[in-house]
Amino acid sequence: MNLKRLPAGAGLWAILALSLVLRIAGAMWCQSRLPADQRFEFGDSEAYWVLAQHMARGEPFEYGSPDVRVFRMPGYPALLAALFWLSSPDMPVLAGRLLSAVLGTLAVAAVCWLTTTLFDRRTGLVAAFAAACYPGAIAMSVFVLSEAPFCPVYLAQLAAWTKSWQAGRHAFSWAVVSGLFGGLAALMRPDWLLFIPFAALAGLFLARPRTRHLQLSLTMMLVVAAVMAPWWWRNLRVVGHFVPTTLQVGASLYDGLNPQATGASEMSFVATFVKKEQQDPCLPGEPFEYRLDRRLWNAAGEWASNHPARVVKLAAVKFVRMWNLWPNDPQNHGFLTRLITTATFLPAIITALAGIWVTRRQLWPTALCWLPAVYLTLLHLIFVSSIRYREPPMLGLLVFTAAFFTRGSRPSAAH
C-alpha cells in the first residue's frame, strides 16, 4: 500500500478499512471452525457472555451462583450487555466477535494516534498498517475476550499521557483524560490497575523534570481511583471487604505457583479448594468467595516461600512461554500456525528493539510504549503465561517498528 499517494486522512481510513475487513473475515473463519456444540475457544469467554446476559436482564452480577459475585471485572461484560440490549437475549456469538473486530480496528486507530503524537504522521500510518496486518493483533480482535476492548483503551491512555507530557497549559487536562482511559482499561483487565504507579516509578529514572512527571502521574492515579470507585464500593457492599479488582486473584496466583505448576493454566485444583473451604472454613463468618480467595492466596504464598528455586525456574519458563517464537499449546502446533507466528513475530520484535535503539535519545515519553511489555511480562513471571498475554503490549512495540523504518522525525518534548 503506497500511503504517500493518498491525500491527508485518506491513508488512515484505508488502513482502518483493511483492518476491519481482515478482522471480520477472521471472526467468521474462527466461528466456522468450532464444533456445533462449542461456542468459544476459551473458558473466559463463557464467563463474560453469561455475565453480560445477566447485566442485560437486570440480574445480579454473579457467575453460576450467589457465591461468585466478584468473578470478573465489569467493563467487558457491560459492552457485551449493550449488544444484548440492542439485539436479543439469543444473540449469536458471531455478534460478539464482530464487536471485537470493531474494537480491534479502534486499537489500530489508537496506535496511529500514539505514534503520530510521539513522532510524525508518516510514522503513525506505518505503525497503523503494521498493527492492522499483524496476525497477533488480528487474533485478539476475533475472540470474545477482554483483550479486544482493553487494547484500544490502554493505547489511548498512553497517547493522552504523551499529550500531557508535551502540552503546556493543558498538560493536566490531558492527564485527566489519560487517567479516565486508564481507569476504563483496568475495568477491562484487572492486571492493568498498577500500571500507572509502575510507570511513575520508572519515570523517576527516565523522565525530566521529575517533579512535573510526578504531578502528572499523581493526577492520573487520582482519576483512575475515581473511575474505579463505584466498583470498589459495590465490592465492599457485596463481600464486606475492599477488593480492588476481583476475587479470582488467589486462584490465578495459585495457578502460577503450586506443586504441579508448569507455567500454563490448569485450574482443576479449584474444585479441591472449594471442597476444603466448605468443610473447614479458613475465615468463619466471611463470604465464601472471599474465604476461598484468601485460602488460595495463602497456599500459593506458602508454597512459593518454601520453594524459591522452583519459583525462579518457573519464572524462566513463563518468560519463554510469553515470548516464544511459536505457539505453546499442542492444538496450535500445526506447521502453518507455527510458520505464520514465527515469520511475523520475529521480524516485528527485532525491528521494534532496533526502533527502541534508534529513538533512545527520546527516552521519555517514548518509554511509555515499551513499559507495558515490561510490566505485563513481570506480572506473568508470577502468574501463568502464554503468547496470548504478549499481544496487547506488542501493539505498543509496533510503534518502534514503524519508527525504525521511518526514523521518526518529531523530537520528543522530554529532555
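The shortest distance between side-chain heavy atoms of L292 and L247 does not fall below 4.5 Å. Put simply, the side chain of H380 does not reach to within 4.5 Å of the side chain of F319, judged on heavy atoms. Side-chain atoms of C30 and R97, non-hydrogen and from C-beta on, do get closer than 4.5 Å to each other. The side-chain heavy atoms of L283 and R294, taken from C-beta on, include a pair separated by under 4.5 Å. Using a 4.5 Å heavy-atom threshold, the side chains of F150 and M140 count as separate. Using a 4.5 Å heavy-atom threshold, the side chains of L398 and Y134 count as touching. Using a 4.5 Å heavy-atom threshold, the side chains of T117 and Q166 count as touching. Side chains of L397 and C369 form no contact here, defined as non-hydrogen atoms less than 4.5 Å apart.
The side chain to side chain donor-acceptor pair (under 3.5 Å) check on R390 picks up nothing, with sequence neighbours excluded. Every residue two or more places apart in sequence or in another chain that forms a side-chain contact (heavy atoms from CB on, under 4.5 Å) with V317 is listed here: R321. Partners of T211 under the side chain to side chain donor-acceptor pair (under 3.5 Å) rule, at least two apart in sequence or in another chain, do not exist in this structure. Scanning for side chain to side chain donor-acceptor pair (under 3.5 Å) contacts around N324 gives N328, with sequence neighbours left out. Applying the side-chain contact (heavy atoms from CB on, under 4.5 Å) criterion to L180, with sequence neighbours excluded, gives V176, V223, V227. Residues that satisfy the side chain to side chain donor-acceptor pair (under 3.5 Å) test with R295, not counting sequence neighbours, are E277.
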### Task
Step by step, work out the side-chain contact (heavy atoms from CB on, under 4.5 Å) result for L204 and L214.
CA-CA 8 Å; L204 292 177; L214 289 175; 3.5 Å; yes

### Message
side-chain contact (heavy atoms from CB on, under 4.5 Å), that's the test. Do F400 and T351 meet it? Break it down for me.
### Response
CA-CA 7 Å; F400 296 106; T351 52; over 6 Å; no

### Task
Could you give me the CA-CA distance, side-chain angles and deciding distance for E147 and E391, then say whether side-chain contact (heavy atoms from CB on, under 4.5 Å) is met?
CA-CA 9 Å; E147 282 86 349; E391 300 306 348; over 6 Å; no

### Message
Set out, in order, the CA-CA distance, both residues' side-chain angles and the distance that settles side chain to side chain donor-acceptor pair (under 3.5 Å) for T377 and W323, then state yes or no.
### Response
CA-CA 9 Å; T377 297; W323 296 100; 3.0 Å; yes

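The aromatic rings of Y63 and F71 lie parallel to each other, with less than 30° between the two planes, well short of the 60° mark. Using a 30° and 60° split on the angle between ring planes, F195 and W192 fall in the parallel class, below 30°. Between H213 and W161, the ring planes are parallel. Angles under 30° get that label, and only those over 60° would be called perpendicular. Aromatic ring pairs are classed by plane angle as parallel below 30°, tilted from 30° to 60° and perpendicular above 60°; the pair F269 and F273 is perpendicular. Taking the six-membered ring where tryptophan is involved, the planes of Y48 and Y76 are perpendicular, since the angle between them exceeds 60° and thus also 30°.
Side-chain contact annotation: E266 with S268, donor-acceptor N/O pair under 3.5 Å present. In the model, D120 has a side-chain atom that pairs as donor or acceptor with a side-chain atom of T123 under 3.5 Å. Checked by atom type, the side-chain pair R189/S146 shows a donor-acceptor distance below 3.5 Å. If you check the side chains of Q248 and R72, you find no donor sitting under 3.5 Å from an acceptor.
No side-chain donor-acceptor contact under 3.5 Å links W231 to the backbone of P74. Judged purely by atom type and a 3.5 angstrom limit, D255 has no side-chain atom pairing as donor or acceptor with the backbone of S265. Although no hydrogens or angles enter the test, the distance criterion places no donor-acceptor pair under 3.5 Å between the side chain of S45 and the main chain of E41. Side chain of D293 to main chain of G250: a donor-acceptor pair is present (N/O by atom type, distance under 3.5 Å, no hydrogens or angles). No side-chain donor-acceptor contact under 3.5 Å links H241 to the backbone of L236. A distance-only check finds a donor-acceptor pair linking the side chain of S385 to the backbone of K318 [under 3.5 Å]. Side-chain atoms of S32 come within 3.5 Å of backbone N or O of W29 as a donor-acceptor pair. With hydrogens and angles ignored, the 3.5 Å screen pairs no side-chain donor or acceptor of R23 with any backbone N or O of L103. Put simply, the side chain of T246 never gets that close to the backbone of M73: no donor and acceptor are under 3.5 Å apart.
Looking at D280 and R291, no side-chain N of the basic residue comes within less than 4.0 Å of a carboxylate O on the acidic one, giving no salt bridge. Classification of E289 and R69 as a salt-bridged pair fails, no side-chain N sitting under 4.0 Å from a carboxylate O.
In summary, the aromatic rings of F42 and F143 are positioned with their centroids under 6.0 Å apart. Aromatic rings from F205 and W364 are positioned such that their centres are separated by 6.0 Å or more.
For the pair R234 and W232, the cation does not sit on the ring face, since its NZ or CZ is not both under 6.0 Å from the ring centre and inside 45° of the axis.
No more than 12 heavy atoms of other residues, nucleotides or ligands lie within 6.0 Å of CD in E302, so this atom counts as exposed by the packing criterion. Within a 6.0 Å radius of CZ in R360, more than 12 heavy atoms belonging to other residues, nucleotides or ligands are found. Within 6.0 Å of CE in M221 there are more than 12 heavy atoms belonging to other residues, nucleotides or ligands. The local environment of CH2 in W49 is crowded, with over 12 non-hydrogen atoms from other residues, nucleotides or ligands closer than 6.0 Å.
Interatomic distance, CG of L20 versus CD1 of I15, reported as 14.0 Å (0.5 Å rounding). We find the OH-CG distance between Y154 and L368 to be 11.0 Å, quoted to the nearest 0.5 Å. Note: Q362 CD to L118 CG = 8.0 Å, rounded to the nearest 0.5 Å. To the nearest 0.5 Å, atom CG of residue N258 and atom CZ of residue R310 are 9.0 Å apart. Here the CG-CG distance, from L363 to L206, works out to 4.5 Å after rounding to the nearest 0.5 Å. For the atom pair L216 CG and S164 OG, the distance stands at 4.5 Å (nearest 0.5 Å).
The two residues Y375 and L193 have their closest heavy-atom pair at OH-N, 4.1 Å. The two residues M220 and S178 make their nearest non-hydrogen contact at SD-OG, 3.7 Å. The two atoms that bring L314 and G256 nearest to each other are CD1-O, 3.8 Å, heavy atoms only. What you find for L18 and F129 is that their closest heavy atoms are CD2-CE1, 3.8 Å. Scanning all heavy atoms of the two residues, the minimum distance from A128 to C112 falls at CB-CB, 3.8 Å. Summarising the geometry of V224 relative to G182, their closest heavy-atom pair is CG2-C, 4.0 Å, with the distance given to 0.1 Å.
Checking each of T341, I340, L339 against T337 for a side-chain contact (heavy atoms from CB on, under 4.5 Å) leaves exactly one that passes, namely T341.
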